[in-house]
Amino acid sequence: MALIVMKFGGSSVADTQRLYRVAERITNTYKEGNDVVVVLSAQGDTTDELIAKAEEVNLNGSKREMDMLLACGEQMSVALEAMAIQRLGCPVVSLNAWQVGIHTDSRYSGARIRRVDASRIRMELDRKRIVLVTGFQGISPDGDLTTLGRGGSDTSAVALAVALKADLCQIFTDVDGIYTADPRLVSNAKKLQEITYDEMLELASLGAQVLHNRSVQMAKRYHVDLEVLTSFANVPGTIVKEVVKMEKVIISGVAKDCSIARIALVGLNNEPGVAYQLFSLLAKKKIDVDVILQSIGRGDSKDISFTVDLADCDEAAAVLEANRDELGFDHLDVRKDVAKVSIVGGGMLNTPGIAAAMFQALYEEHINIQMISTSEIKVSVLIDKAQADRAVRAIHSKFFD
Ligand code: ADP
Ligand code: ASP
Ligand code: MG
């Protein structure tokens with residue numbers, strides 16, 4: 001007997017037939033004698049629909065009220081799934097974040113989990129019930145509902161697996177594993193049997209939304225092996241773990257991120273302290289900055305460009321404009337029509353020529369590179385958003401065909 005955490009994403013519970021199919025999957029695991037804790041996302045496009053509804057009422061509604069609203073989606077799912085399981089005659093209970101005690105900080109719409117209370121779930125498992133828990137939501141120190149950021153239900157599942165010391169954490173989704181690129185974009189992408197936490201964390205952080213990046217971070221920190229698999233068939237998925245058995249590959253995947261923007265400050269003073277001043281202003285507003293590029297100074301002026309999340313772009317530009325005199329730049333250039341395309345692989349560290357091969361693939365497609373950033377296990381480029389899909393296919397085919 002094992003304690004298994006199973007997480008089902010929005011497409012897996014999108015309609016009544018799918019709720020039934022998931023109910024069968026859950027009860028089969030339960031009938032094998034396991035303790036089963038299930039984390040669910042909101043059905044299908046529910047979260048997007050709730051956001052659209054909010055925007056109909058007020059484009060600038062507070063984040064607190066947004067979280068209050070968005071948390072409804074997951075609550076619907078667990079109640080409906082519980083009813084589907086009741087039809088199969090198995091004991092089940094659904095719980096929301098309040099009832100479980102999923103404690104977060106108070107960062108509405110991007111809350112971090114601080115602590116998960118295991119006692120209520122343990123009590124329900126002792127009563128031999130299947131326990132369904134709302135993904136994506138938590139409660140703040142003030143007792144308000146919070147949400148963990150888009151895609152956050154994966155992180156809820158891993159947090160529960162950690163708190164309950166689960167034997168296995170399975171993430172069921174609409175693809176049958178992790179691929180060398182988004183299989184919806186690259187038809188000949190290859191399925192990976194295993195991938196390391198580090199590589200998966202890079203892929204997830206660089207835009208492969210198959211796993212929420214914080215779920216991978218948490219799984220790594222607490223040594224939770226994750227399995228990513230499909231809810232639509234009975235086939236093995238991909239295991240995410242510390243060390244993989246297979247010989248290390250040079251490149252494990254290609255990812256794209258279209259939710260970013262580039263901001264350039266042209267004509268800054270070429271003197272010490274400018275970067276410090278600029279990035280401190282953004283840090284104070286809790287705006288994360290990603291790729292940074294500084295030009296070589298031309299006499300007494302220089303330029304600095306950087307990328308931010310698309311969602312933070314307007315706020316970042318406004319803060320910089322408001323401090324134009326203090327920063328002393330000539331003009332601010334904001335571009336939202338950009339995308340970041342990256343390759344990730346633990347083996348690239350000792351293999352020269354990987355970045356060159358990526359740049360060649362882009363050159364052959366006549367795609368211009370605006371910025372480049374590298375680390376030990378990734379190379380990222382910033383390009384035109386309209387060319388991103390073509391870039392992913394060309395880069396993938398350079399490394400995998
Ligand atoms: P869920 O609703 O189950 O959480 P998501 O939509 O968040 O599902 O994540 C699954 C999607 O991730 C897939 O449909 C696929 O298009 C996309 N995806 C992006 N990159 C990859 C990748 N490297 N491997 C597998 N899927 C990927
Ligand atoms: N329902 C939330 C979203 O759509 C959380 C999730 O699905 O993981 O982002
Ligand atoms: Mg997801």
Side-chain angles (χ1 to χ4, degrees), residues 6-14 18 22 38-52 66-67 69-78 97 109-111 133-138 145-159 170-195 199-216 226-232 237-238 240 251-259 311 341-345 388-389 392-393 395-396 399-400:
M6 306 169 88
K7 179 260 169 177
F8 294 88
S11 49
S12 304
V13 292
R18 291 184 183 190
V22 166
V38 178
V39 173
L40 297 182
S41 292
Q43 291 185 285
D45 296 328
T46 302
T47 307
D48 290 327
E49 287 160 13
L50 290 172
I51 292 172
M66 278 308 276
D67 280 7
L69 178 69
L70 296 192
C72 297
E74 273 62 20
Q75 194 157 321
M76 270 179 68
S77 287
V78 290
S109 87
V133 180
T134 47
F136 185 48
Q137 55 176 258
L145 278 167
T146 54
T147 66
L148 308 182
R150 298 305 305 269
S153 296
D154 300 328
T155 301
S156 311
V158 176
Q170 295 180 308
I171 309 286
F172 290 88
T173 183
D174 56 359
V175 287
D176 63 2
I178 295 159
Y179 282 73
T180 49
D182 186 341
R184 296 184 197 288
L185 183 60
V186 179
S187 56
N188 63 344
K190 294 176 179 52
K191 182 169 151 183
L192 303 167
Q193 279 183 336
E194 302 177 319
I195 184 168
E199 288 170 314
M200 189 60 231
L201 184 56
E202 284 288 352
L203 279 177
S205 304
L206 293 167
Q209 94 261 30
V210 61
L211 282 176
H212 193 229
N213 61 352
R214 287 186 354 241
S215 73
V216 186
L226 293 179
E227 184 178 10
V228 175
L229 64 176
T230 175
S231 61
F232 302 127
T238 302
V240 189
I251 300 296
S252 51
V254 185
K256 83 163 175 177
D257 184 353
C258 289
S259 304
V341 173
S342 312
I343 52 173
V344 170
D389 288 357
V392 171
R393 289 193 196 101
I395 294 166
H396 188 273
F399 289 104
F400 294 100

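Ligands are counted one by one from 1 in listed order, and the atoms in each one are counted from 1 as well.
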Give the atoms of ligand 1, by number and element, whose distance to some non-hydrogen atom of [X] is under 4.0 Å.
X      : answer
Val175 : 13 (C), 14 (O), 25 (C), 26 (N)
Tyr179 : 22 (C), 23 (N), 24 (N), 25 (C)
Pro183 : 24 (N), 25 (C), 26 (N), 27 (C)
Arg184 : 13 (C), 14 (O), 15 (C), 16 (O)
Gly10  : 2 (O)
Lys7   : 4 (O)

Between [options], flag the one that comes closest to [atom] by a heavy atom.
atom                    : options                        : answer
atom 13 (C) of ligand 1 : Leu185, Asp174, Ile195, Ile171 : Asp174
atom 10 (C) of ligand 1 : Thr47, Leu206, Thr173          : Thr173
atom 20 (N) of ligand 1 : Leu192, Val344, Asp182         : Asp182
atom 27 (C) of ligand 1 : Val210, Ile178, Leu203, Thr238 : Val210

For [atom], find the nearest protein heavy atom and state the residue, atom name and distance (0.1 Å precision).
atom                   : result
atom 4 (O) of ligand 2 : Arg150 NH2, 2.9 Å
atom 7 (O) of ligand 1 : Gln209 O, 3.4 Å
atom 7 (O) of ligand 2 : Ser41 OG, 3.1 Å

Closest heavy-atom pair and its distance - [X], [Y]:
X      : Y      : value
Leu201 : Val216 : N-CG1, 3.7 Å
Gly177 : Thr238 : CA-OG1, 3.5 Å
Ser41  : Ser77  : O-OG, 2.7 Å

Is the closest N or O pair between Glu74 and ligand 2 shorter than 3.5 Å?
->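 Indeed, backbone or side chain, Glu74 has an N or O that close.
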Looking at ligand 2, does any of its N/O atoms fall within less than 3.5 Å of an N/O of Thr47?
->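 Min N/O separation from ligand 2 is below 3.5 Å for Thr47.
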With heavy atoms of Gly151 as the reference, note each atom of ligand 2 found under 4.0 Å away.
->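 Those of ligand 2 that fall under 4.0 Å from Gly151 are 3 (C), 5 (C), 6 (C), 8 (O), 9 (O).
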Interfacing atoms of ligand 2 (cut-off 4.0 Å, heavy-atom, Gly152) =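 The atoms of ligand 2 under 4.0 Å from a heavy atom of Gly152 are 5 (C), 8 (O).
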Looking only at heavy atoms, is any part of His212 under 4.0 Å from ligand 2, and if so is it the side chain, the backbone, or both, or is it neither?
->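 The answer is neither; His212 stays 4.0 Å or more away.
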Evaluation steps, side-chain contact (heavy atoms from CB on, under 4.5 Å), between Arg18 and Phe232 = CA-CA 9 Å; Arg18 291 184 183 190; Phe232 302 127; 3.7 Å; yes
Backbone or side chain, does any N or O of Asp154 fall under 3.5 Å from an N or O of ligand 1?
->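 No, no N or O pair falls under 3.5 Å.
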May I ask you to check if ligand 1 and Thr180 share an N or O to N or O distance below 3.5 Å?
->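 Checking ligand 1 against Thr180, no N or O pair falls under 3.5 Å apart.
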Lys190 NZ to Ser252 OG distance, which is reported to the nearest 0.5 Å |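 Reported to 0.5 Å precision, the distance equals 13.5 Å.
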side-chain contact (heavy atoms from CB on, under 4.5 Å) assessment of Leu148 paired with Ser156 = CA-CA 8 Å; Leu148 308 182; Ser156 311; 3.4 Å; yes
Ala181 near ligand 1 by a heavy-atom separation under 4.0 Å |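 Yes, Ala181 has heavy atoms under 4.0 Å from ligand 1.
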Contact with ligand 1 for Gly177, non-hydrogen, under 4.0 angstrom |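 Per 4.0 Å heavy-atom rule, Gly177 contacts ligand 1.
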Without hydrogens or angle criteria, can the side chains of His396 and Thr180 be said to hold a donor-acceptor pair below 3.5 Å?
->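 Indeed, the side chains of His396 and Thr180 share at least one donor-acceptor pair under 3.5 Å.
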Is it true that the side chains of Asp67 and Thr147 contain a donor and an acceptor less than 3.5 Å apart?
->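 A pair is found: one side chain offers a donor N or O, the other an acceptor, under 3.5 Å apart.
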Quick check: does any side chain N or O of Thr230 sit under 3.5 Å from a backbone N or O of Asp176, one acting as donor and the other as acceptor?
->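 Between the backbone of Asp176 and the side chain of Thr230 there is no qualifying donor-acceptor contact (under 3.5 Å).
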Residue pair Phe136 / Leu70, side-chain heavy-atom distance below 4.5 Å |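 A side-chain contact exists here, since the closest heavy-atom pair is under 4.5 Å.
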Is it true that Asp182 and Arg393 have a side-chain N and a carboxylate O under 4.0 angstrom from each other?
->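 A salt bridge is absent here (no side-chain N lies under 4.0 Å from a carboxylate O).
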Could Lys256 and Asp389 be called an ion pair, given the rule that one side-chain N must be under 4.0 Å from one carboxylate O?
->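 Answer for the salt bridge query: yes.
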Can Val186 and Val254 be said to form a side-chain contact (heavy atoms from CB on, under 4.5 Å), step by step?
-> CA-CA 10 Å; Val186 179; Val254 185; over 6 Å; no
